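For reference, positions follow the sequence shown, starting with 1. Just so we're clear, the structure is a prediction, and the values are computed from it rather than from any experiment.
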Amino acid sequence: MRRLIEDFALVGDLKTAALIARDGTMAWACFPRFDSPAAFVSLLGTDDHGSWLVGPADEGDTPRPATHRRYRDGSLVHESTWVTSDGTLRVTDFMPPCDGQTTTSRLVRIVEAVSGHVTARSRLRVRPDYGFVSPRVNIARGRAAAVAGPDSVWLDTATPLHLHDGALCSDFSLSEGDAAAFVLTACPSYQDAPTRTDPHQAFRETEEFWREWAAQCTYQGPYREAVVRSLITLKALTYAPSGGIVAAPTTSLPEDIGGERNWDYRYCWLRDSALTLSSLLRTGYREEARDWAVWLLRAVAGDPDELQIMYGLAGERRLPETELPWLPGYEHSRPVRIGNGAANQLQLDVYGEVCETLHRARQAGLGSSETAADLQLRLVEWVEKHWDEPDEGIWEVRGPRRHFVHSKVMTWVAVDRTVKLIESGAAEGPLERWRTLRDTIHHEVCEKGYDQERNTFTQSYGSHELDASLLLIPQMGFLPPDDKRVIGTVEAIQRELSTPDGFVKRYPTSSQSGGNLDGLAGEEGAFLSCSFWLVDALALLGRVDEARKLFEKLLALRNDLGLLAEEWDSARKRQVGNFPQAFSHLGLVDSAIALERAAAAMGAAA
């Protein structure tokens, strides 16, 4: 059966994650880290590439979707319920949070008969190395093990298991009140067999962990449910051993169904850092913000010439991009890629984002060390020499380098925040020279990146096209929200980059002179984080009712579990891109806060 991207639920243990479809099939999971080779990859292929179905034993080979599903309140514990002619079956899925040190991950699936007498089944196919390897499978002493090279996956259950066509199978009947549990444990094959897990104790501990964490959220506005769910999702995308946050737990879910816009997002982007840290701090999560700031300092330490736009979970720098030809791709969207070649691009905006992150951390009393100040000074020394060069820009285009306006604005941010650092007395540097540099960059952007006839900033110097990243100009303090150039830019983006249903694309993929601006074939959907940026910009302009209406339209795009992918396909009316996407959920949190602040400001003015 076809599984839409939004049909999936996320469970995770703060080291890795799994996606479970509405029909009860686990179609994606990597062990032991988010970026490890997937052992369950039917999301990008077929169920034979690795999957685990748990649900009612319906006649026929096609599992049917659950009648309803939910996350238990304030948690990452997922429940699916099937109402059948014989009774009601419930499956509870979760991954007990890791302690930051263990090399194992566990996924627990508890099957219960809520009413009647129901027959259930489990079908487990383990296929390590992205579905390429068939493991050796043994069943002995009430547990099963699938072993291939360095990887092993163990399955513990009290229900009888048998091996059929390479799958571990179990069919069993339950009467009202009965339950059966399955515990999957992934660990290195060269270690001893993992200890057995009490599934019911693990359930209680996992639910308690998440509820206690969610209760720390200080946001009390009208969109609290959506904000808390987004924050839980961001927490689930955190790699606890290092504090890094992945952009998404998946690779190669397409931005263009059937096309080539398929990328690996299981890494940590520096540009997400300012938004992540700011969102966490503003909602009460200082510990996570501190961990992220420390990760940032470790990852970018060294020569500013070697700064990358993204890193591995622990700060790894080499993320070579490779294609997996044996996988057909999600709905035949090929190629399937692992690694990300954009890691080696020049993106000048990253320097501004790092300096903005360090600035916000200092404001909150985090990261105010000599190491952080020294790093910021060295970054701006590099910016001083290179800010006037063309680059690939925020969207990682694979076409020619340009003088992107957003990139130049962010170099201004880097210099501005460093000037403020020196003015505060926390560091020493060439204050007057950098004040002059700040003014020089500002003047050039306003002269070369602004179209006076259309009253809008443009994507790059001398271009006609727009770019949604220009919505960040007032947020970064480059110009005030009431500046006519800001207002003109916001309105131009609404006219030229909006989809028919009112959401925002990153940029026009095709230029007026012909050809694709980003060096790729095909189109893409509305970028959800850009749509949230429009909410923020409208709120800053005082158009709060308009901003709120757009925000609530965006909330309606979430799936029934409150999750968002990277983009929205307005023609197909479905989510596209990697899922769930941290950038989208960061945008949701920030926009909810922006709306609350704008409403409060209007009330105070009245």
Inset, instruction - Would you tell me whether S75 and E207 have side-chain atoms, one donor and one acceptor, within less than 3.5 Å of each other? - result: no

Legend entry - Worked check of salt bridge (Lys or Arg N to Asp or Glu O under 4.0 Å) between K505 and E524: CA-CA 8 Å; K505 292 189 174 184; E524 64 173 25; over 6 Å; no

Inset, instruction - For K420, look at atom NZ and say whether over 12 heavy atoms of other residues, nucleotides or ligands are found less than 6.0 Å away. - result: yes

Legend entry - Pair K15 + D13, salt bridge at N-O below 4.0 Å: no

Inset, instruction - Verify the neighbour count for atom CD of E306: are there more than 12 heavy atoms of other residues, nucleotides or ligands below 6.0 Å? - result: yes

Legend entry - Charged N-O contact under 4.0 Å between R417 and E353: no

Legend entry - Within residues 578-601 or reaching into it, pairs that qualify as salt bridge (charged side-chain N to carboxylate O under 4.0 Å, His left out) - sequence neighbours excluded: R282-D590

Inset, instruction - Could you tell me which non-hydrogen atom of E288 sits nearest to which non-hydrogen atom of L280, and how far apart they are? - result: CB-CD1, 3.9 Å

Legend entry - Test side-chain hydrogen bond (donor to acceptor under 3.5 Å, both in side chains) applied to Q376 and R362, step by step: CA-CA 12 Å; Q376 187 167 341; R362 278 192 301 274; 2.9 Å; yes

Legend entry - Side-chain H-bond candidate by donor/acceptor type, T185 with R106, under 3.5 Å: no

Legend entry - Side-chain H-bond candidate by donor/acceptor type, Q459 with R402, under 3.5 Å: no

Legend entry - E316 with R33: basic N within carboxylate O range, under 4.0 Å: yes

Legend entry - Partner of R438 under side chain to side chain contact (heavy atoms under 4.5 Å, CB included), chosen from V380, D416, V413: D416

Inset, instruction - Name all residues meeting the side-chain contact (heavy atoms from CB on, under 4.5 Å) criterion together with A299; count only those two or more places apart in sequence or in a different chain, and write none if there are none. - result: W295, Y311

Legend entry - side chain to side chain donor-acceptor pair (under 3.5 Å) partners for T251, two or more places apart: none

Legend entry - Pairwise side-chain contact, Y351 with T411, heavy-atom cut-off 4.5 Å (strictly under): no

Inset, instruction - Evaluate the side-chain proximity of L564 to H585: yes if any heavy-atom separation is below 4.5 Å, no if none is. - result: yes

Legend entry - Validation row: L44, L253 side chains within 4.5 angstrom (heavy atoms): yes

Legend entry - Lys NZ or Arg CZ of R506 over F527 ring: under 6.0 Å, within 45°: yes

Legend entry - Pair R229 + E225, salt bridge at N-O below 4.0 Å: no

Inset, instruction - Would you mind reporting whether W387 and S407 have side-chain heavy atoms less than 4.5 Å apart? - result: no

Inset, instruction - Flag the pair Y450 / T456 as yes when at least one side-chain heavy-atom distance between them is below 4.5 Å, and no otherwise. - result: no

Inset, instruction - Verify whether one side chain among E287 and W213 offers a donor that lies under 3.5 Å from an acceptor in the other. - result: no

Inset, instruction - Can you run down the ring pair (Phe, Tyr, Trp, His ring centres under 6.0 Å) pairs that involve residues 219-241, sequence neighbours left out, and say none if there aren't any? - result: Y223-F551

Inset, instruction - Answer yes or no: is there a side-chain heavy-atom contact under 4.5 Å between P580 and L19? - result: yes

Inset, instruction - For the residue pair L296 and T357, establish whether any side-chain heavy-atom pair is separated by less than 4.5 Å. - result: yes

Inset, instruction - Just say parallel, tilted or perpendicular for the rings of H442 and F478, cut-offs at 30° and 60°. - result: parallel

Inset, instruction - Determine whether F457 and V409 make a side-chain contact, defined as any pair of heavy atoms from C-beta on separated by less than 4.5 Å. - result: no

Inset, instruction - Sequence neighbours left out, what passes salt bridge (Lys or Arg N to Asp or Glu O under 4.0 Å) with R337? Give chain and number order. - result: E321

Legend entry - Charged N-O contact under 4.0 Å between E381 and K385: no

Legend entry - Residue pairs passing the salt bridge (charged side-chain N to carboxylate O under 4.0 Å, His left out) test where at least one lies in residues 240-254, sequence neighbours excluded: none

Legend entry - Test log, rule salt bridge (Lys or Arg N to Asp or Glu O under 4.0 Å), inputs R261 and E566: CA-CA 12 Å; R261 297 171 181 266; E566 180 184 22; over 6 Å; no

Inset, instruction - Decide whether H386 and E389 meet the rule of one side-chain donor and one side-chain acceptor closer than 3.5 Å. - result: yes

Legend entry - Lys/Arg-Asp/Glu bridge criterion (N-O < 4.0 Å) met for E384, R433: yes

Legend entry - Result of checking T250, I338, N578, L237 against R266 for side chain to side chain contact (heavy atoms under 4.5 Å, CB included): I338

Legend entry - Carboxylate-amine/guanidinium contact K408 E444, below 4.0 Å: no

Legend entry - Basic-acidic side-chain contact under 4.0 Å: E423, R435: yes

